[in-house]
Amino acid sequence: MDISQILDPLNKAQRQAVCSEAQNTLVLAGAGSGKTRVLVHRIAWLVQVENVSPYSIMAVTFTNKAAAEMRFRIENLLKTPLRNMWVGTFHGLAHRLLRAHWKDAKLVENFQIIDSDDQLRLLKRIMKEMGIDDKQHPPREVQWFINDCKDNGKRSQQLNPADFRGREFLLDIYYRYEELCQRTGLVDFAELLLRAHELWLKQPHVLKHYQQRFSHILVDEFQDTNTIQYAWLKVLSGNNLPQTNIHTFVVGDDDQSIYGWRGAKIEHIREFCHDFNAGASAEKAAETIKLEQNYRSTGNILQAANAVIANNTERLGKELWTEDSEGELLQIYRAFNEIDEAAYVAGQIEKWVDKGGKRSDIAILYRSNAQSQPHEYELVKRGIPYRVYGGLRFYERAEVKDALAYMRLAANYQDDAAFERIINTPARGIGLRTVEIIRAAAKNNEQFLWQAVQELIENKQLSARAATAVQKFIYLIEEMDCSKKGDHFTLVEQVAHILELSQLKQFHGRENTERAQAKVENLQELINAVKRFDDEGDPLLEAVKESAELNDAEQQVLTNPMSEFLAHAALEAGEGQADEWEECVQLMSLHSAKGLEFELVFLTGVEQGLFPHKNALQDYVGGKLEEERRLCYVGITRARQQLHLTHAESRTMYGRNEMALPSQFLSEIPASLVSEVRAVNNNFSSFDSFSNNNSSFSSSYASPGGSADDRAEGEISIGQRVKHKKFGEGIVIDKEGSGARARVQVNFDYEGTKWLMLSIAKLV
DNA sequence: GAATCTCTTGTTTTT
DNA sequence: CAAGAGATTC
């Protein structure tokens, strides 16, 4: 293949970036300016033209999806598989390093990754043991504190107690938490990064090995790196020392930094030019390249985005432009409530599809995941296929995590967190009292729960009933542990075996609700997920394996399939489960939409308090508000052809009807770019002009109210008389769905016929 | 010890 | 409206 294939599809600035000769290159790439293309072509250029071995290239992306996509595109361009190239997220790469160098990282060989839910449970347990009132000090805040410390590279021992007067307990909890994780072989997300950083600092031979290995490091979404990630990169790239010959190539957009709440710092973009060039010789000095031509959106969409983001201060300065025509005006729709909003969106989708548009070109975006619900409801009603990204993901579901805990405990008896989770799930007669005895014994003898139980039974320190139940549990886990028997089960067989023995399916199957049924299905699906994982494997693992034979430092690569799968479950959390390729509308949060593009975009719930979120509005400094605005900028720039912005006058939140004003971001868009479907009232000073009267409306959620006499018993059926708080008594004349929670058409005595979502109604 | 009921409380975004 | 904690009953 010749060079023209790499360079021809690029404009001048893109080409300049792809061919950059500088040791360190910063690409400031506006939304839709071909950022990913530049990265992909850069790597192709390095391999094809500069004869850099893929073995010497590391590419860091923000999500696992982006990593897979990047690998795919490069291999497509070069028409050859690049198996030994490292492509992954910071977390994924750090995980790989720690598996390979677990000894040097002072970890146990089969350490397990815990998610934030597991982390919170551990902290609750520690705080309970310490006798700290969780009313006064919410565990969530402690969790936030610890993660913030780790994100900034600080261990409990490195913090100055003088800074914590009156809050010493924070340090104490942090310290105990570190100890507990260390002892039981658990690693949280922030710990992955911190350990990997410490690996560089404390094991110079490991660092040296990778410094010799990598000649090119490329980082995507650089504006969203946090302190520890930045430090990790800086150390790896040689601390600015001229003798290292590592080239860094980072791509980012300060206007799209939306992870400040997770410790990301936009400043890194600015600091990069300074930090990564001190040691470089003059001719190799840093190069900054701006990509400002947008190839994605129409002129109107782009102008709106520019106008909104212009309200932020402290930008690096960048103005997107396009050669494209103005396109259509942006549509603003002001809905009565969230149901009306969803109906509008669905109606527009039907129009689009009628004109021959594809559903997969459409995205419904929102600020918070809970907002997907009314849209899902409306789409189901109209038979429009859709797919929801994010929210509660597959491996985060309670029943799936229970199953994973069985696997974890069977693989590692020292995993106290897993032990506690499942000792009485499903219920097997081991109550709180017994668990407390075990916990206390373990603490006194400095044992793992597993050992403590054995001793308690031997010494007959448990009641006969409890002892039998606990003994049964121990035998159960031992039976699940396939490694004991010397049999060679495949991973799928192991998981199926464990799942069967756990009786989790029967446990949930007994309950006859839709929710319980879904749990059984999820457990079923877990087997399929294992199969998929087994078939596809982890490309990054492949990369490590392939290169392992080439040198000593990476010899210790661990490939225990069960541990691999559990790590995969924690890190990927189940993105991209099934249905991936069906032609369907995409629903996702604005955060998950970063990096994607769609022909037709609906930006929904654009209301003051929701977007910008109310938490951001309380911030006096305004930094949070600016991040919300960047989020808005990200949302607007996802659209290629057409953008609809919707907001509702009233919205059900925590079961109440709340009034809402249009978002201030709407008024930041020049009126000339917008067509309003209903007049937007920009009067922010009063609620007067907004009505909460839904009675003109044919469809509405029944307000459950919550008082005891509203509660439904049994099934709602046609012909039944029901009583609704607002509309009075009526008779059900039509129904969709099943159970007490269903959509029903009711003829009310005074209010006429209405469709209602009745979850709770009094049956008369 | 388990199941059920009652009450409070809280909710952004994700590796 | 959900989930979680605490109290009560079986």
Side-chain angles (χ1 to χ4, degrees), chain A residues 60-67 88-95 113-117 119-121 124 128 134-135 138-140 147 150-151 187-193 221 224-226 228-229 257-264 365-371 373 389-393 395-396 398 424 426-435 463 465-466 469 511 515 567 570-575 588-594 605 609-617 624 627-628 630-631 634-635 652-658 701-708 710-711 741 757 759-760:
Chain A
V60 190
T61 59
F62 195 71
T63 62
N64 296 300
K65 202 162 83 183
T89 62
F90 278 109
H91 291 87
L93 296 165
H95 168 236
I113 300 169
I114 56 170
D115 65 17
S116 42
D117 183 57
Q119 184 185 38
L120 191 63
R121 282 163 182 271
K124 277 184 186 164
K128 204 170 178 183
D134 59 3
K135 286 260 155 25
R140 287 198 164 281
N147 287 334
K150 289 189 176 186
D151 283 343
V187 173
D188 63 46
F189 288 136
E191 184 74 24
L192 285 170
L193 303 172
E221 309 283 9
D224 284 322
T225 51
N226 67 28
I228 195 77
Q229 292 166 340
S257 168
I258 54 176
Y259 285 90
W261 51 275
R262 216 172 77 184
L365 308 180
Y366 33 77
R367 175 68 237 263
S368 62
N369 287 308
Q371 285 167 252
Q373 208 235 328
Y389 290 81
L392 189 56
R393 284 179 300 244
Y395 292 116
E396 289 170 356
N424 201 31
R428 53 173 65 85
I430 303 171
L432 221 70
R433 182 81 198 104
T434 311
V435 174
S463 69
R465 202 162 66 142
E511 203 181 337
R515 275 173 77 96
L571 283 173
E572 298 243 358
E575 271 305 331
M588 68 188 82
S589 71
L590 285 159
H591 282 86
S592 342
K594 192 174 71 162
L610 192 60
F611 186 38
H613 193 270
K614 57 179 184 296
N615 294 358
L617 289 167
K624 284 187 184 167
E627 182 153 313
E628 295 285 309
R630 290 193 292 270
L631 200 49
V634 167
T652 339
M653 293 183 97
Y654 340 122
R656 307 230 118 255
N657 253 9
E658 304 272 349
Y701 280 114
S703 174
S707 73
D710 254 1
R711 202 162 285 241
R741 186 187 188 122
M757 184 69 198
S759 50
I760 303 172

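Chain identifiers are assigned alphabetically (A, B, ...) following the order of the sequence lines, protein sequences preceding nucleic acid strands; residue numbering begins at 1 within each chain.
Ring-base stacking between A:F62 and B:dT15 is not satisfied when judged by a centre separation under 5.5 Å and a plane angle under 30°.
For A:H591, the ring pair (Phe, Tyr, Trp, His ring centres under 6.0 Å) partners at least two apart in sequence or on another chain are A:Y259, A:W261. A:R428 pairs by the side chain to side chain donor-acceptor pair (under 3.5 Å) definition with A:Y406, not counting sequence neighbours.
Within the 4.0 Å cut-off from OP1 or OP2 of B:dT11, not a single side-chain nitrogen or oxygen of A:S368 is found. Taking only side-chain nitrogens and oxygens, A:S592 comes nearer than 4.0 Å to OP1 or OP2 of B:dT14. The side chain of A:R428 contributes no N or O atom lying less than 4.0 Å from OP1 or OP2 of B:dG1. Put simply, A:N64 has no side-chain N or O that comes within less than 4.0 Å of OP1 or OP2 on B:dT15. Contact between the side-chain N/O atoms of A:N147 and the OP1/OP2 oxygens of B:dT14 is not found at any separation under 4.0 Å. Not one side-chain nitrogen or oxygen of A:N369 sits closer than 4.0 Å to the OP1 or OP2 atom of B:dT11.
Residues A:S116 and A:Q119 bring no donor and acceptor atom of their side chains to less than 3.5 Å of each other.
Note on A:R630 versus A:E627: salt bridge recorded, some NZ/NE/NH1/NH2 to OD/OE distance being below 4.0 Å.
Contact annotation for A:D115: no contact, since no heavy-atom pair falls under 4.0 Å across all strands. Among the heavy atoms of the strands, none lies under 4.0 Å from A:F90.
Comparing B:dT15, B:dA2, B:dT13 by their nearest atom to the side chain of A:S116 picks out B:dT15. Considering only the side chain of A:R262, B:dT15 comes nearest among B:dA2, B:dT15, B:dG1.
Separating the P atom of C:dG4 from that of B:dT13 is a span of 16 Å, rounded to the nearest Å.
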